[in-house]
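Working notes for the structure below.
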Amino acid sequence: MSGSFETMSFATRWLGRPREHWAELGSTNDRAMAWARAGAPHGALVTADAQTAGRGRLGRAWASESGEDLYVSAILRPAAGKAIGALGLAVGVGLREGLARWLPTTQLKWPNDVLVGGRKLAGILCEARWIGSSPEVIVGFGVNVGRARFPGPLADSATSLRRELAAAAPGREEVLASILPALEAALGEFFAGGFAAIRGRYEPHCALVGKTVLVDLANGAGPKVQATALGLADDGALLVAPGDGEPPRRVESGDVWLAP
Ligand code: BTN
């Protein structure tokens, strides 16, 4: 397997420069991690036509065999001491805005699933390590672009641009070229002002706000309880009201589901 550098350039200042494209990788996040360790700069990008071991959040697999979807990892080097806990939410903002020209009703399911009509269109996996107080972050995202069918349990829960738009669906490079400038802008605002600076571009598109949700208030260690999603805090935590008269509670990690 060998890497090659694509010549196509994007309408960005720093994101996607340089770019390394592979026909097949285990995981673009793993390749980006190795490249980062070898000194790749802030903004460097890894893409692949297919992944043999694509991974999602919470130890899940990310089906990546199609050769028609986007598998992308960016290397980010935020300034030392920056709070990056809500970085994945900023990535969601960028993806949603980059996809909105084709699918304006695209929503974000906290923390960072990208949904259309309740089905998952894209997912985000951020992985970080610290070199002293300087974070090195790999932002991985997968966008279902050209896939017409999904296997097994994904058949009802996933969608693609092609499934939504049929013949009007854009190609992979066109989608990437739309996402990267939107992502660069969202990340720039996030790095300058934290999640508070882009909360107004997340909350109105959040699929959970105002809805009854099932949530684990012990952040992964407790049973699911029913609550109303109220909105997002300045640091990106989901605020929920578990019951009448009870004070709002913060959800900082894990999964949240819409109540059936
Ligand atoms: C999720 O929704 O669980 C996150 C999915 C993230 C998938 C992408 S595809 C590109 C990058 N490489 C990986 O192995 N995972 C991310």
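Worth saying up front: this structure is predicted, and the values here are computed from it rather than measured. Whatever order the structure lists ligands and atoms in, that order sets their numbers, starting from 1.
Counting heavy atoms under 4.0 Å from ligand 1, residue Ile124 touches it through the backbone alone. Contacts between Val72 and ligand 1 below 4.0 angstrom, taking non-hydrogen atoms only, involve the backbone exclusively. With a 4.0 Å cut-off on non-hydrogen atoms, Arg60 does not touch ligand 1 at all.
Once rounded to the nearest 0.5 Å, the distance linking CD of Glu164 with CG of Leu121 reads 7.5 Å.
Taking all heavy atoms of Glu127, Gln51, Lys120 into account, the minimum distance to atom 9 (S) of ligand 1 is reached by Gln51. When the heavy-atom distances from atom 15 (N) of ligand 1 to Arg55, Lys109, Arg31 are ranked, the shortest goes to Arg55.
Within ligand 1, counting atoms from 1 as listed, the ones closer than 4.0 Å to a heavy atom of Gly56 are 1 (C), 3 (O), 4 (C), 5 (C). Under a 4.0 Å criterion applied to the non-hydrogen atoms of Arg57, ligand 1 contributes the atoms 1 (C), 3 (O), 4 (C). Residue Ser27 has at least one heavy-atom neighbour below 4.0 Å for each of these atoms of ligand 1: 12 (N), 13 (C), 14 (O). The ligand atoms of ligand 1 that sit less than 4.0 angstrom from a heavy atom of Gly54 are 14 (O). If you number the atoms of ligand 1 from 1 as listed, the ones under 4.0 Å from a heavy atom of Thr28 come out as 10 (C), 11 (C), 12 (N).
Counting heavy-atom neighbours within 6.0 Å of Arg249 CZ, excluding the residue itself, gives a total of 12 or less.
For the pair Arg57 (side chain) and Gly254 (backbone), a donor-acceptor distance under 3.5 Å is present. Trp110 places a side-chain N or O within donor-acceptor distance of the main-chain N or O of Gly236, the cut-off being under 3.5 Å.
Distances between N or O atoms of Trp62 and those of ligand 1 include no value under 3.5 Å. Looking at Tyr71 next to ligand 1, no N or O pair under 3.5 Å apart turns up.
Leu258 places none of its side-chain heavy atoms less than 4.5 Å from the side chain of Lys109.
For residues 131-158, the pairs satisfying salt bridge (charged side-chain N to carboxylate O under 4.0 Å, His left out) are Glu65-Arg147, Asp69-Arg147, Arg77-Glu136, Arg129-Glu136, with sequence neighbours left out.
Relative ring orientation between Trp14 and Phe191 is described as tilted, the plane-to-plane angle lying within the 30° to 60° band.
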